[in-house]
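Take this structure, written in structure tokens, and hold onto it; I'll ask about it next.
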Amino acid sequence: MRFEYKFAWIFCATLMLAPPTSAAATGRAYYVHADAGSDEYAGSLAKPWKSVERVNRQALRPGDQVYFARGTSYLGPVIIRDSGASGAPLVVGAYGQGPAPRLSNPYFSVSMGRIVEVSGSHVVVENLFLHDTPTPPPDEPPLTWKLSAQHKKVFEMGAVFVHHNASHVTIRGNEFVNAVMGIRVRGSHSLVSHNLLRDAAKITEQWGAIAINIVGPHNEVAYNVVENYGFYGGTYVNDGAVVELDGEDPHFNAHHIRIHHNVSRNVKGGFVEIAGKANDVLIDHNVSDDVDKFLGASNVKGIEVRNNTVIRTRLPAFPKSDFFPLGTVFWSFNDKADDQFTLSNNVFYLDRLQRLYKSTEHPLGIVPTTRERNLYFSPNADAAGMLGMPLAAGELVGDPRFVNAAKGDYRVRHKAGPGWYYGAYAPGRPLWQAGPRALTATKR
């Protein structure tokens, strides 16, 4: 069964891009202005509130909106406990002209550094600038990660944190800067789209920064841009991820996940890590120009990887690791090699140190269940030698001849077979866009 049918529950594209117009017709709008408001006011446009504390005291009903003034700044968590309804979500967003409102919570002792915390359902968080979250306090004295309280606190972090009992939460059009755990979704049936997450290094000495962490089932990650996440160092030499399905989280139940049309650059630790048993995950139409893995996963079923453009030319000259002696485009710790991976129509543009599939040289490589119509190329080595396996049906080694890689146009000019194409872009079609600017453009 193809994923078009498996993912019938996924939001359609027009719904994903549309603003929450229904909320304005059904609910009440509350306004917050740090420079011109007062918590004694009514929260109207003419008489706005001043603080997030006042927002947190307000009981909200389906369709209500809370808008922070553009060009203003706030400290402390915004806590949304109430729920909206289908067609009438609660909205947390921005109003006015100028830069997005800046929200931060630099204190781990206050809600573990969360900036927006959602435990209700049918909630939209949009058009905010979320920055500078803290790292958990270190153990005194230092402990191994299995005993470390610091390590366990990572599971409770997220600049936007969606609790496990929440569903239908949309996080879109936001910018995250130095948010070491950008978004954590424990709930279900939620959408993370058109966000920009950038410039975050490490959480602990072992954990690199993670942009988007998915814990619950039936969630979608689409049209986001992630840049400069993760760090070099620690046990794993480099660590972090664009998307992680975090099997160490006590609420882990990740299945039926769709990760598509995202763009990532210079993420140490790579694109997707599935750190737990998961099934039915589609990784589709992404561009990943990162360090380390494109996908690491063990004991998984129904993982489909198709039409992605994977570029691995950033591997630094750090000492070889006992874990990963070479670049690892794919890895699995499953000794039985009975994971279920389907790989089709991808482009792999690889540095000479990269390795893909299981071989003597790359014992942690994956063994795909199905592999077809992928294009492999290395500008400085023999790409066929990197596979570890013979070419499969319809696979080729050849230069993809990107239209303009320097400007991020990764459409492939290499001739493909009839009716299908390589990589994230269909030849001759307009490029899809990712990030908050693309979302803003769709609202005009």
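Note that the numbering runs from 1 along the sequence shown for the chain.
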Can you tell me how far OG1 of Thr313 sits from OH of Tyr349, rounded to the nearest 0.5 angstrom?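 So the gap between those two atoms works out to 7.5 Å.
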Crowding at NZ, Lys152 (>12 non-hydrogen neighbours, <6.0 Å):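 Yes, because the 6.0 Å sphere around NZ of Lys152 holds more than 12 heavy atoms from other groups.
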Side-chain heavy atoms of Val160 within contact of Ile115, under 4.5 Å: no
So if I apply the side chain to side chain contact (heavy atoms under 4.5 Å, CB included) rule between Asn174 and each of Leu196, Asn195, Val192, which one comes out positive? Asn195
Quick one: OH on Tyr95 to CZ on Phe68, what's the gap to the nearest 0.5 Å? 10.5 Å
Any side-chain heavy atom of Pro217 sitting closer than 4.5 Å to one from His255? yes
Starting at CZ of Phe330, measure out to CG of Asp339 and round the result to the nearest 0.5 Å.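 Reported value, rounded in 0.5 Å steps: 12.5 Å.
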Rounded to the nearest 0.5 Å, what's the gap from CG on Asn224 to CZ on Arg172? Could you check?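 One finds 12.5 Å between CG of Asn224 and CZ of Arg172.
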Hey, could you give me the CZ/CG distance between Phe271 and Asn286, rounded to the nearest 0.5 Å? 3.5 Å
Can you name the closest pair of heavy atoms from Pro136 and Val154 and give their distance? CG-CG2, 4.2 Å
Please report the interatomic distance CG(Asp249) to CD(Glu156), rounded to the nearest 0.5 Å.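 So the CG of Asp249 and the CD of Glu156 are separated by 7.0 Å.
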Do the side-chain N and O atoms of Asp39 and Ser51 include a donor-acceptor pair separated by under 3.5 angstrom? yes
Are Glu395 and Asn374 linked by a side-chain donor-acceptor pair shorter than 3.5 Å?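 Looking only at side-chain atoms, Asn374 and Glu395 do form a donor-acceptor pair, the distance falling under 3.5 Å.
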So which of Asp292, Asp290, Leu197 actually passes side chain to side chain contact (heavy atoms under 4.5 Å, CB included) with Val267? Asp290
For Lys277, is the NZ atom crowded, meaning more than 12 foreign heavy atoms sit under 6.0 Å from it?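 Not more than 12 within 6.0 Å, no.
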Just say parallel, tilted or perpendicular for the rings of Tyr422 and His414, cut-offs at 30° and 60°. perpendicular
Mind listing the closest non-hydrogen atom pair of Asn219 and Ser188 along with its distance?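 What the structure gives for the nearest pair is OD1-C, 3.4 Å.
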Over all heavy atoms of both residues, which pair between Ala166 and Gly120 is shortest? Give the atoms and the distance, please. CB-O, 3.2 Å
Between His260 and Glu220, is there a side-chain donor-acceptor contact under 3.5 Å, judged purely by atom types and distance? yes
Taking Asp239 first and then Lys202, would you say they form a salt bridge - that is, a charged N and a carboxylate O separated by under 4.0 Å?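 Result for this pair is no, no salt bridge flagged.
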Side-chain heavy-atom pair Arg312, Phe294 within 4.5 angstrom cut-off: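 The answer is yes, as the side chains (C-beta and beyond) meet within the 4.5 Å cut-off.
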Could you work out, with side-chain contact (heavy atoms from CB on, under 4.5 Å) as the rule, every residue matching Val177, not counting sequence neighbours? Phe129, His131, Glu175, Arg198
Check whether any side-chain heavy atom of Ile303 sits under 4.5 Å from a side-chain heavy atom of Ile274, and report yes or no. yes
Distance-minimising heavy-atom pair for Ala34 and Tyr74: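 For Ala34 and Tyr74, the tightest heavy-atom pair comes out as N-OH, 3.0 Å.
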Only one of Lys146, Gln206, Glu248 clears side chain to side chain donor-acceptor pair (under 3.5 Å) with His151; which?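 It is Glu248, the one option of Lys146, Gln206, Glu248 that forms the side chain to side chain donor-acceptor pair (under 3.5 Å) with His151.
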